[in-house]
Amino acid sequence: MGSALTTIGLPVALGIIMFGLGLSLTPRDFARVAKHPKAVIIALICQLLVLPALCFGLVLLFQLPPVLAVGMLLLAASPGGTTANLYSHLFRGDVALNISLTAINSVLAVFTLPLITNLAIAYFLPGDESLGLQAAKVVEVFAIVLGPVALGMLVRWWRPAFADRMDRPVRIASVVILVVVIAGAIVSNLELLLENAGRLAGITVVFCVLSLTIGYLVPRMLRVDRPQSIASSFEIGIHNATLAIVIAQTVIGSVEMSLPAGVYGVLMFFVALAFGFLIRGRAATGDVHAPDGSERDEARRASAPDAAEAAPPER
């Protein structure tokens, strides 16, 4: 990729995306975890423990070259983002829970992303000291991930009306920037990408499908409400590909390591959309288990306003 886009364009693009995330966050989003601790704990266990182990198994199964294997685990360690919130909204998930999970994952990623990436490099590229996230690079990851988020939250606290007005434009800009960044990463490294397109397409699609499925079925089997399970699914199944590309190219300094995130970033949109329609269809024909009392109460509360609107006014 051209040096200007790598050194300037990618960090700026990610900064805008993470700033937009911060504009949508308040301290209440972190405190909300106490209302749904079960859903949050299950989602975090899946995100931080199950997915890296799953990705490691897939990397061995698909026999990826070492650098691409590390790139896949870097992607698996990346948190969700605003795209997950968008899909959750489209398919009637608990968007508030999505926002809380994104906030927590973004903080945890400062520690878990370097840890998982360094373990992957130690396993697949032993003795290569030119790669890896040393202490100075971990600080750089901290600044890349949390700096713009903290600034966005500060703007929301200082000028809430401005933050509300900017929320939608920044969300739209984030999606556009995401598409441009991924397209640029692919086009600029097209020859390198074509050499590995077949195996990267296969493993990224399988990883995305399994991530979405685990994120939905595990909470459902543990009797988490359906809207929260949908939120968990998209939060776990949709990773911040832009963050993985930026870390690979600008922090670690490996264009090849960013290719899995670039391919994933394109295919993920279609896989997640198909998965969303699939689970929406399941809602009409039945689910993993019958609704428990809390879901029935939620359904009655949701239908109450509709019934009130349908009733004729008193005279």
Side-chain angles (χ1 to χ4, degrees), residues 21 24-52 54 76 78-109 112 149 167 171 207-240 268-269 271-306:
L21 172 62
S24 66
L25 295 179
T26 68
R28 290 193 303 274
D29 296 317
F30 294 90
R32 192 186 294 120
V33 173
K35 295 177 60 178
H36 304 293
K38 181 179 178 180
V40 171
I41 291 171
I42 292 171
L44 290 179
I45 290 174
C46 290
Q47 176 86 36
L48 301 178
L49 298 178
V50 177
L51 284 198
L54 170 68
S78 300
T82 53
T83 307
N85 303 344
L86 172 63
Y87 275 89
S88 185
H89 172 73
L90 289 175
F91 295 103
R92 300 181 181 178
D94 186 342
V95 180
L97 177 62
N98 265 106
I99 294 172
S100 296
L101 285 171
T102 300
I104 295 170
N105 273 329
S106 297
V107 175
L108 293 177
T112 58
V149 173
D167 183 62
R171 283 176 184 271
F207 177 65
C208 188
V209 169
L210 291 179
S211 300
L212 289 163
T213 303
I214 289 171
Y216 181 75
L217 289 184
V218 171
R220 288 303 278 163
M221 288 188 293
L222 295 175
R223 306 197 69 80
V224 172
D225 291 350
R226 187 171 182 277
Q228 295 172 4
S229 297
I230 294 174
S232 171
S233 174
F234 288 119
E235 187 66 31
I236 292 169
I238 297 179
H239 295 265
N240 192 334
M268 166 270 296
F269 286 105
V271 175
L273 190 64
F275 185 84
F277 283 114
L278 176 64
I279 58 176
R280 189 162 73 177
R282 287 183 64 86
T285 59
D287 211 328
V288 176
H289 68 273
D292 57 24
S294 63
E295 290 185 81
R296 287 193 295 268
D297 292 341
E298 183 181 337
R300 283 197 293 268
R301 286 195 300 270
S303 62
D306 295 336

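Sequence positions, counted from 1, serve as the residue numbers for this chain. Basis for what follows: all heavy atoms, side chains included, without hydrogens, waters or symmetry-related copies.
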Which atom names give the shortest non-hydrogen contact between [X] and [Y], and what distance separates them?
X	Y	answer
Leu90	Arg280	O-NH1, 4.3 Å
Pro79	Ser106	CB-N, 4.3 Å
Glu235	Gly80	OE2-CA, 3.5 Å
Val224	Ala39	CG1-CB, 3.9 Å
Gln47	Pro52	O-CD, 3.4 Å

Original post:
For Asn98, does its backbone N or O pair with a side-chain atom of Thr102 as donor and acceptor, under 3.5 Å?
Top reply: yes

Could you tell me whether the side chain of [Y] reaches within less than 4.5 Å of the side chain of [X], counting heavy atoms only?
X	Y	value
Leu273	Phe91	yes
Asp94	Ile230	no
Asn105	Leu44	yes
Ile42	Ile45	no

Mind checking the [atom1]-[atom2] spacing from [X] to [Y]? Nearest 0.5 Å is all I need.
X	Y	atom1	atom2	result
Leu212	Ser232	CG	OG	10.0 Å
His89	Leu86	NE2	CG	7.5 Å
Leu222	Ile41	CG	CD1	11.5 Å
Ser211	Ile238	OG	CD1	10.5 Å
Leu51	Ile214	CG	CD1	6.0 Å
Ile279	Arg92	CD1	CZ	11.5 Å

**OP:** Using the test ring-ring contact (aromatic ring centres under 6.0 Å, His included), find all partners of Phe275 that sit at least two apart in sequence or belong to another chain.
**Re:** none

Original post:
Residues two or more places apart in sequence or in another chain: which of them pass side-chain hydrogen bond (donor to acceptor under 3.5 Å, both in side chains) with Ser78?
Top reply: none

**OP:** Would you check if the distance from the ring center of Tyr216 to the ring center of Phe234 is below 6.0 Å?
**Re:** no

